[in-house]
Amino acid sequence: MTYPRIVHFLRQGKPDQLVTVQGWIRTKRELKGFTFLEVSDGSSLQGLQVVIDLEIVQLVDSVRKCHTGASITVSGVLATSPGKEQSIELKAQSLIIHGESDPGSYPLQKKRHSFEFLRTIGHLRPRTNTYGAVFRVRNACAWAVHQFFQEQGFLWIHTPIITASDCEGSGEMFTVTNFNLGQIPKNPNGSVDYSQDFFGRPAYLTVSGQLQAEILAMAFTNVYTFGPTFRAENSNTSRHLAEFWMIEPEMAFCDLEGNMDLAEAFLKYVFKVVLTNCSADMEFFDARIDNSVLAVADNIINNEFQRLTYTDAIALLQKADRQFEYPVEWGLDLQSEHERYLAEDLFKRPTIVTDYPTQIKAFYMRLNEDGKTVRAMDVLVPRVGEIIGGSQREERLEVLEKRINEHGLSMNQYWWYLDLRRYGTVPHAGFGLGFERLVQFITGMANIRDVIPFPRAPETIEF
RNA sequence: UCCUCGGUAGCUCAGUGGUAGAGCGGUCGACUGUUAAUCGAUUGGUCGUAGGUUCGAAUCCUACCCGGGGAGCCA
């Protein structure tokens, strides 16, 4: 049997209402005549205070077994609470303990724990205030992503997780194989004989669904992916995961301006939904995690994003009255310190840098008239840095072929990608957004490993 | 992968060559309806691992393992 969730009673519960709730004990406070339990079922940051009058004899034995972490079902009547921290509470009449929790060994205490420690107990950390708030906000974000695109007529498409395209670009790929790793078939020259493997050729976990998304955009006009993505890069940072979720819209009949408009509208939309649906959680982040969370949200929703070209950005960086560790020179990629200066210090708002030099961007980005830059865009935000990377795609067959050659890539690997330019090509554009970075940005959480329930990173796969 | 800081009680940390500590937690007790409850008592250790220097090492040296922060790569 399913009872209404605790959040329902906190919002709409009426005094004298007879109710039953189920959840896990967060804290227990004992006095001579009363015991107070705070019970959470994950539906809200705030738990329900359960008051147990120890004069109700049949409850005394149960109460003795109640400790932090135990799972219970409580029935009783709601009452207006005389306490300051809550407006309503539950006066218990019956109490069932489903699973006890030994207070001597249960690792979660009433005090504040470090995130490093909580990462070592990934199976219990969702029961804490912070991770509860994070995963509720993460859920709201995911829901907002779908709602945003669906309202705009985008088709949600599922691009493959296993792929053969060893495409140029993002970092190392994980190999997918069915070989017995102790006995890998070899060719006479010593190389691996992939013809005997499951797919008959090398296969990998996807690093991006973009190329396949372009296929579907050429049939459905506006599409988006939202699914897992994998990078085998040995990155040990607070912004990288080996397995993360990426959102990649792709739009036919769209140029870079349309792409930027979409990215900006998208971020504003998600922030608005989260502020509306998770207001208590967002206030918690602002109070306990990073006191700029609400100000940043307000800044995103109410300001136009700054847009400028890479060339202009270089000029501004060269004029900055500040020493950078890395050189600023046209043709070199922007470093983290440069991006942070632009978004955090100079403009103090999300900043979109466009039209990067050809040589530092991918082959599929559309070449500008100047022949030196491509229609790329990076959206830079305070704290997190690059949250979105995108471009208008090269839709001209002969230009694309030339660029594939220049990048030293093999033409026959991209035969179907090139076909899209042979048959009904159109200007199109899209971007990729790291979902965990979005959640990081919204919540103010410093480490990306704390915004995904089960982080995957080098040496990190326990849970 | 590189740089850097760190690893001491269940947790957060102090201890820089001479008898292993505090706060929190747990346990026991007290207590006007408490809410990081409060008060009193008490419990708790392979000082990351393996070597080395020394009369003596948590402390100094070497190697390795693990974690944080920064960088690169990127989303």
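Letters A, B, ... are given to chains in the order of the sequence lines, protein chains preceding strands, and every chain is numbered from 1.
- Taking the centre of each ring, A:Phe266 and A:Phe149 come in below the 6.0 Å mark.
- In this structure, A:Lys28 reaches neither bases nor backbone, as no heavy-atom distance under 4.0 Å exists between it and the strands shown.
- A:Arg125 comes within 4.0 angstrom of no nucleic acid atom, judged by non-hydrogen atoms across all strands.
- Looking at A:Gln109, its side chain comes within 3.5 Å of the base of B:G10 through a donor and an acceptor atom.
- Contact annotation for A:Phe36: base contact, defined as any heavy-atom pair under 4.0 Å involving a base atom.
- For A:His67 and A:Thr27, each mapped to the nucleotide of RNA chain B holding its nearest heavy atom, the one lying further toward the 5' end belongs to A:His67.
- By the 4.0 Å N-to-carboxylate-O rule, A:Glu257 lies close enough to A:Arg375 to be salt-bridged with it.
- Here A:Gly83 lies in heavy-atom contact (under 4.0 Å) with a base.
- The side chain of A:Ser238 sits closest to B:G69 out of B:A71, B:G69, B:U12.
- The partner of B:G69 is B:C3, judged by Watson-Crick or G-U wobble contacts that both fall below 3.5 Å.
- Residue contacts for A:Glu30: at a heavy-atom cut-off of 4.0 Å it reaches a base atom on one of the strands shown.
- Closest to the side chain of A:Ser235, from the set B:U34, B:G72, B:G67, is B:G72.
- A:Leu31 comes within contact range of at least one nucleobase, with a heavy-atom separation under 4.0 Å.
- Aromatic ring pairs are classed by plane angle as parallel below 30°, tilted from 30° to 60° and perpendicular above 60°; the pair A:Phe174 and A:Phe230 is perpendicular.
- Base engagement by A:Glu89 is indicated by at least one non-hydrogen atom pair under 4.0 Å involving a base atom.
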task = Decide yes or no on side-chain contact (heavy atoms from CB on, under 4.5 Å) for A:Leu275 and A:Leu294, but give the supporting numbers first.
result = CA-CA 9 Å; A:Leu275 280 181; A:Leu294 293 178; 4.0 Å; yes
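- Judged by Watson-Crick or G-U wobble contacts below 3.5 Å, the nucleotide B:G45 has no partner.
- As the counterpart of B:C60, B:G52 is assigned, both hydrogen-bonding distances of the Watson-Crick or G-U wobble pattern falling under 3.5 Å.
- Across all strands shown, B:G17 forms no Watson-Crick or G-U wobble pair with both key distances under 3.5 Å.
- Under the Watson-Crick and G-U wobble criteria, each requiring two contacts below 3.5 Å, nucleotide B:U12 is paired to B:A22.
- Within the shown strands, nothing qualifies as a pairing partner of B:A36 under the Watson-Crick or G-U definition with both distances less than 3.5 Å.
- Distance from the side chain of A:Arg340 is smallest for B:A71 among the nucleotides B:G68, B:A71, B:C74.
- If you find the closest nucleotide of RNA chain B to A:Gln49 and to A:Pro103, the one lying nearer the 5' end belongs to A:Pro103.
- Within 4.0 Å of A:Leu241, counting heavy atoms only, lies at least one base atom of the nucleic acid.
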inquiry  = Apply side-chain contact (heavy atoms from CB on, under 4.5 Å) to residues A:Phe135 and A:Asp281 and explain how you reach the verdict.
reply    = CA-CA 10 Å; A:Phe135 299 137; A:Asp281 293 320; over 6 Å; no
